[in-house]
Amino acid sequence: MGKFVGKAVKRREDARFLKGAGTYTDDIKLPKMAHTAFVRSPYAHANVLSIDIEEAKNEPGVIAIYTGNDACGEFGVPCGWQVDFKNGETMREPAHPLLTKDKIRHVGEAVAIVVAETLEQARDAAEMVMVDYEELLAVTDPKQAMEAGAPLVHDQWEDNAAFDWCIGNDRAEVEAALESAHHVTEMEYRNHRVAPNAIEPRSYIADYDVNADKWTLYTSTQNPHLIRLLLCAFVLGIPEHKVRVVSKDVGGGFGSKIYHYTEEALLTWISREIGRPVKWTSDRSEAFMTDAHGRDHVVKSKMGFDKDGKIVAHLTDEYCAMGAYLSTFAPAVPTYLHGTLFQGVYTTPLIHLNVIAPFTHTVVVDAYRGAGRPEATYLLERIISKAAKEMGMDPAEIRFKNFIPPFDGVEEAGYQTQVALQYDSGDYHGVLERGLEMLGYEDFRKEQAKAREYGKLLGVGFSSYIEGCGIAPSAVVGALGARAGLYEVGHVRVQPTGKVSVFTGAHSHGQGHETVFAQFVADKLGIEMDDVEIEHGDTDQVAFGMGTYGSRSLAVGGSAIIKSIDKILEKGAKIAAHKLEAAEEDLEYAEGKWTVKGTDKSISFGDVSLTAYVPHDYPEGLEPGLDFSSFYDPSNFTYPFGTHIAVVEVDSDTGKVDVKRFIACDDVGNVMNPMIVDGQIHGGVVQGIGQALLEEVVFDEAGQMINASYMDYAMPRADDIPMIETDRTVTPCPHNPLGVKGAGEAGCIGSTPAVVNAVVDALAHLGVTDIQMPVTPQRVWKAMQN
Amino acid sequence: MQITLTVNGKQYSNDIEPRMSLTQYLREVLDLTGTHVGCDTSGCGACTVSLNGAAVKSCTLLAVQADGGELTTIEGMANGNEMHPIQKAFKEHHGLQCGFCTPGMVMTAANILKDNPNPSEEEIRHGLEGNFCRCTGYHNIVKSIQHAAEEINN
């Protein structure tokens, strides 16, 4: 496209981060800013009998203490997605209060907040708040939550189901096909709960300006405009134009910072009450107790095959935890972001998925990197590998046999799945072929056989994933229960000097938008990157936006910017034609200037920009200025895909799994900056390896998370993983102007099953056919003993 | 309690609460907000600074323990506008994404290279095991440190 797109341009945001000069929310200090500490429940399920704040109120520095009995106790945060029962019953949607006054439903639920002059004073006084609880039995497991007699999370309903939903073909038809299948592979397992763990804990500062009657909320969110909308219109009932949400540097999100949390609404309310700015920053244990978790599915699945190894039917039943309340996107995650990917990359003719989503006495579960798609991929890629073993087929062969044939979405139509979606374009063979080459498959099998002779356990695991990204066409998601549109806004302001300010509703919390967006804007306009500035994360600067998640920034946000640039070039051409005394259709635009075709007569972008703002000699009837904003609503999701291959060595004495090689061959459509795409893949892959081998949120019987600190929760460290070998194929997205598909989640979606498949492969000769994640040394050792 | 210490070459003397952590002192008293808090149990390393030439987790040290000490924080790594070779290498090799763990990574990298100017990949990974990064998968951090070592040694 030009001189920047496709190049590994170094990031412009790096200098401030490397010098320690980033501005994360907790770095902001406002005059007269008060500090807060929460009083949180130590119980998962309890009645609150009394809350005594008298002694605490008299502690030094205390400005105010609020409980659910104050006016703020009337407010609650909403859910953004409605998924109804398959029998037509409406989704059960409990109130989700900012502070709880009567019933505790998870450990860490807030009962009071202390506001004080300093953080230490707030924390000291919070210790003095006396809450009398009556502890009740709790249920944290989604399947157990649906058993008769399970403790009810919300006792206004007869059981814990938030909804019971299904997708795909008629169940009876799928069951019949399984009955008559040549071979049926079954699996039962848990896609266990993990904690997203952005390294920057959530942080909020609400600043109410009494003179202007306006708020500024500084927040570590992925989603500033949506937070403002929810906060104003659905929680506090304050006018949206009175609130500015600022979310500049954010230290990672991975989904956990998409949602509107109770704390940010409560602080906004408190700031007006006390007439001062007020701050809260989560500590790590609070983060474990209150940030939305991910996954937590209990799965039972059957896949049927004909005698040639072709899939004939797939039936799955799942219990997917919602947690104590319904978080912003929670109902969509195990349904429309999960069931719709059950086609995978295969031609499976019959599919049925049933999801029961129970409330549990735990913190909420919501989208975590990949959101529903890693869970779908894990299932498909594990079960097809298990089937291959059972049927004596090679795991690559069974995949090749079942792949959907290549289609570009232009000449060949998109692929209509059995589960609602139509894939845009894909070549699933290509990425597996390339992955096998990178691995050196034949040689590996020889090495593996030889290694076994010496008692060394090597294994290889494959994963051929697809995901739905570029979220999302508004009408489609609206029909599926979303209570918001999922378009994006791109505003391009050409300054009189020809310098360009771009305002995007997408949000960067590590993705490098300031660099990547400037690359394609500069190329499209034929100007230098230095002449382009990218602004995000401030609702006063950007008209509107839907934030960043679901690998949507470039596919949706980038497209909105392109739309605005098209408008600028169209208007610029009118000005250029006037100045050059030529017809518009005789002009061509390249390298930052309009030229009369076949002549050397031209006018630069800068001169046209100046003319637009100093319109002395100007086309009649044309408005001055060169400034356009556009909304882009995608016509479809995008569907990145790829093959991930893990090579592991299992220690035969201890059961420890060592990832020796990890190969990722991804297709994310066109690539704007290969350095950044690779970086996204690396990070995603390692998060996926983390779930496969190390990470798990563990609750005890009382509902206490017993590993809620970095001393106890095992995340991948540098010495747990190898270098990641990456390559890619390019199948452009046919329906957006940049041809991009999104790369943010791919790594995390493809990697997990590849690792577990590799462990099972390493142990296959010992009769091991499955192993529960996280694949800890203890589990492996036990599997080897059996 | 009164403490006196040198941070990034400048001497400071302050009266502080004995329970104040070194991170809080740097962030709240000196406004050096480049040192980050990711956990407060020494688990994540985002708060790593150099105290008397050794990398320490400032979140689990009291400020009073650093009394009389000489500290370097991320703000003291560059020489004016000239970034330290480790900082340059992180930029060149995309060793950071969201940037939150980055100051701790850079300070830890400096410590690794001080003790071992020619570390192997394994030694670098071992040296980084006290620091979490959730964005990069460590790949490009390791690469950045390898290149920084080359640059410094030349």
Side-chain angles (χ1 to χ4, degrees), chain A residues 8 10-11 13-24 26-29 119-120 196-201 249-254 281 283-285 287 508-512 675-676 678-687 689 709-711 713 715-721 723-724 747, chain B residues 17 19-20 24 27-28 31-44 46 73-78 83-84 86-88 90-104 106 121-122 124-143:
Chain A
K10 307 306 170 204
R11 299 203 321 170
E13 40 276 87
D14 285 356
R16 68 176 186 272
F17 295 139
L18 282 162
K19 291 176 182 168
T23 309
Y24 302 92
D26 191 55
D27 299 338
I28 298 169
K29 233 192 237 181
L119 179 60
E120 291 71 28
N197 275 310
I199 306 297
E200 180 209 23
D249 290 333
V250 173
F254 316 111
T281 299
D283 65 29
R284 184 53 57 188
S285 290
S508 182
H509 32 280
Q511 294 87 342
M675 175 188 84
I676 285 180
D678 283 345
Q680 289 290 318
I681 300 294
H682 298 152
V685 162
V686 172
Q687 268 179 301
I689 294 175
S709 88
Y710 278 170
M711 308 298 279
Y713 185 91
M715 284 204 298
R717 294 189 182 272
D719 54 356
D720 290 320
I721 35 151
M723 288 302 207
I724 312 298
Chain B
E17 270 198 77
R19 64 173 166 172
M20 180 174 260
Q24 270 178 302
R27 291 180 56 81
E28 304 297 331
D31 282 331
L32 293 170
T33 54
T35 301
H36 296 151
V37 183
C39 66
D40 59 35
T41 50
S42 296
C44 78
T73 69
I74 188 68
E75 288 91 345
M77 288 299 279
M83 287 205 285
H84 187 279
I86 296 173
Q87 292 170 311
K88 280 190 205 162
F90 270 66
K91 180 173 165 114
E92 191 60 29
H93 300 283
H94 193 30
L96 66 154
Q97 290 181 26
C98 81
F100 195 79
C101 77
T102 308
V106 170
E121 183 195 327
E122 202 186 336
I124 292 172
R125 288 186 180 273
H126 185 69
L128 289 173
E129 69 169 5
N131 294 63
F132 274 139
C133 172
R134 197 61 157 165
C135 295
T136 64
Y138 306 102
H139 183 108
N140 284 339
I141 293 178
V142 173
K143 225 166 105 183

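Throughout, protein chains are lettered first and strands after them, A, B, ... in sequence-line order, and every chain is numbered starting at 1.
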Peer 1: Name the option with the most non-hydrogen atom pairs under 4.5 Å to chain A; the candidates are B:Gly127, B:Gly99, B:Cys133.
Peer 2: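 Option with the greatest count: B:Gly99.
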
Peer 1: Taking all atoms of both residues into account, what is the closest heavy-atom pair of A:Asp719 and B:His126, and its distance?
Peer 2: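 Taking A:Asp719 first and B:His126 second, the nearest heavy atoms are OD2-ND1, 4.1 Å.
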
Peer 1: Select one option (side chain, backbone, both, neither) describing which atoms of B:Met77 are under 4.5 Å from chain A's heavy atoms.
Peer 2: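 B:Met77 has no heavy atom closer than 4.5 Å to chain A.
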
Peer 1: With side-chain contact (heavy atoms from CB on, under 4.5 Å) as the test, pick out the partner of A:Asp14 among B:Lys91, B:Lys88, B:Gln97.
Peer 2: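 Of the listed residues B:Lys91, B:Lys88, B:Gln97, the side-chain contact (heavy atoms from CB on, under 4.5 Å) partner of A:Asp14 is B:Lys91.
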
Peer 1: Could you tell me which of A:Asp26, A:Asp283, A:Ile689 has the largest number of non-hydrogen atom pairs under 4.5 Å with chain B?
Peer 2: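 If we count pairs closer than 4.5 Å to chain B, A:Asp26 comes out on top.
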
Peer 1: Report the option among A:Val686, A:Ile724, A:Val250 that has the most heavy-atom pairs separated by less than 4.5 Å from atoms of chain B.
Peer 2: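 Ranked by contacts with chain B, first place is A:Ile724.
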
Peer 1: At their closest point, which heavy atom of A:His509 faces which heavy atom of B:Cys98, and how far apart are they?
Peer 2: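 It is O-CB, 3.3 Å.
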
Peer 1: When rounded to the nearest 0.5 angstrom, what distance separates CD1 in A:Ile199 from CZ in B:Phe100?
Peer 2: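 Those atoms lie 8.5 Å apart.
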
Peer 1: Return the option, out of A:Lys29, A:Met711, A:Met715, with the maximum number of heavy-atom pairs under 4.5 Å with chain B.
Peer 2: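 Of the candidates given, the most pairs with chain B belong to A:Met715.
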
Peer 1: In terms of heavy-atom proximity below 4.5 Å to chain B, should A:Glu13 be classed as side chain, backbone, both, or neither?
Peer 2: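 Nothing of A:Glu13, per the 4.5 Å heavy-atom cut-off to chain B.
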
Peer 1: Find the one option among A:Gln511, A:Lys10, A:Arg16 whose heavy-atom pairs under 4.5 Å with chain B are most numerous.
Peer 2: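 Top count of heavy-atom pairs under 4.5 Å with chain B: A:Lys10.
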
Peer 1: Chain A heavy atoms under 4.5 Å from B:Thr136: which part of the residue, side chain, backbone, both or neither?
Peer 2: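 Contact with chain A involves the backbone of B:Thr136 alone.
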
Peer 1: Would you mind checking which part of A:Lys19 comes under 4.5 Å of any heavy atom in chain B, side chain (CB onward), backbone (N, CA, C, O), both or neither?
Peer 2: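 Both parts, heavy atoms under 4.5 Å.
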
Peer 1: So B:His36 and A:Glu200, side-chain contact (heavy atoms from CB on, under 4.5 Å) or not? Walk me through it.
Peer 2: CA-CA 8 Å; B:His36 296 151; A:Glu200 180 209 23; over 6 Å; no

Peer 1: With only heavy atoms counted, which part of B:Glu92 is less than 4.5 Å from chain A, the side chain, the backbone, both or neither?
Peer 2: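 Contact with chain A is through both the backbone and side chain of B:Glu92.
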
Peer 1: Mind ranking A:Met723, A:Gln687, A:Glu120 by heavy-atom pairs under 4.5 Å with chain B and telling me who comes out on top?
Peer 2: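 Counting heavy-atom pairs under 4.5 Å, the top option is A:Met723.
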
Peer 1: Could you check if a side-chain atom of A:Arg284 sits within less than 4.5 angstrom of a side-chain atom of B:Thr41, using non-hydrogen atoms only?
Peer 2: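 Side-chain contact under 4.5 Å: no.
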
Peer 1: Would you name the heavy atoms of A:Pro201 and B:Gly38 that are closest together and state the gap between them?
Peer 2: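 Looking at all heavy atoms of both residues, the closest pair is CG-O, 4.2 Å.
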
Peer 1: Return the set of residues passing salt bridge (Lys or Arg N to Asp or Glu O under 4.0 Å) with B:Glu121 (not counting sequence neighbours), or none when no residue passes.
Peer 2: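 Per chain and number, B:Glu121 pairs via salt bridge (Lys or Arg N to Asp or Glu O under 4.0 Å) with B:Arg125.
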
Peer 1: Tell me which one of B:Leu96, B:Ile74, B:Val106 satisfies side-chain contact (heavy atoms from CB on, under 4.5 Å) with A:Phe17.
Peer 2: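 For A:Phe17, the side-chain contact (heavy atoms from CB on, under 4.5 Å) test succeeds with only one of B:Leu96, B:Ile74, B:Val106, which is B:Leu96.
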
Peer 1: Which atoms of B:Glu122 come close to chain A, meaning under 4.5 Å heavy atom to heavy atom: side chain ones, backbone ones, both, or neither?
Peer 2: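 For B:Glu122, there is no contact with chain A at all, as no heavy atom is under 4.5 Å.
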
Peer 1: A:Ala718 and B:Leu128: which non-hydrogen atoms are nearest, and at how many Å?
Peer 2: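 Closest pair (atom of A:Ala718, atom of B:Leu128, distance): CB-CB, 3.7 Å.
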
Peer 1: Under a 4.5 Å heavy-atom cut-off, does chain B meet the side chain of A:Ile676, its backbone, both or neither?
Peer 2: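 Backbone plus side chain of A:Ile676, per the 4.5 Å heavy-atom cut-off to chain B.
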
Peer 1: Check salt bridge (Lys or Arg N to Asp or Glu O under 4.0 Å) between A:Asp27 and all other residues, then give those that pass, not counting sequence neighbours.
Peer 2: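 With neighbours one apart ignored, the set is B:Arg27.
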
Peer 1: Looking only at atom types and distance, does a side-chain atom of A:Tyr24 sit under 3.5 Å from a main-chain N or O of B:Thr33, one as donor and one as acceptor?
Peer 2: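 No, because the side chain of A:Tyr24 does not come within donor-acceptor range (under 3.5 Å) of the backbone of B:Thr33.
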
Peer 1: Run the numbers on B:His139 and A:Val685 for side-chain contact (heavy atoms from CB on, under 4.5 Å), then give the verdict.
Peer 2: CA-CA 11 Å; B:His139 183 108; A:Val685 162; over 6 Å; no

Peer 1: Where on A:Gln680 is there a heavy atom nearer than 4.5 Å to chain B: the side chain, the backbone, both, or neither?
Peer 2: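 Backbone plus side chain of A:Gln680, per the 4.5 Å heavy-atom cut-off to chain B.
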
Peer 1: What's the spacing between A:Ser709 OG and B:Asp40 CG if we round to 0.5 Å?
Peer 2: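 Between A:Ser709 OG and B:Asp40 CG, I get 9.0 Å after rounding to 0.5 Å.
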
Peer 1: Do A:His682 and B:Cys135 have side-chain heavy atoms sitting under 4.5 Å apart?
Peer 2: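 They are not in side-chain contact.
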
Peer 1: Please state whether the rings of A:Tyr710 and B:Phe132 are parallel, tilted or perpendicular, taking 30° and 60° as the class boundaries.
Peer 2: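 Rings of A:Tyr710 and B:Phe132: perpendicular, over 60°.
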
Peer 1: Which distance, rounded to the nearest 0.5 Å, do you find between the CD of B:Glu129 and the CG of A:Asp720?
Peer 2: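 Here the interatomic distance stands at 8.5 Å.
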
Peer 1: Output the option from B:His93, B:Arg19, B:Glu17, B:Gln24 having the highest count of non-hydrogen pairs under 4.5 Å with chain A.
Peer 2: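 Ranked by contacts with chain A, first place is B:Arg19.
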
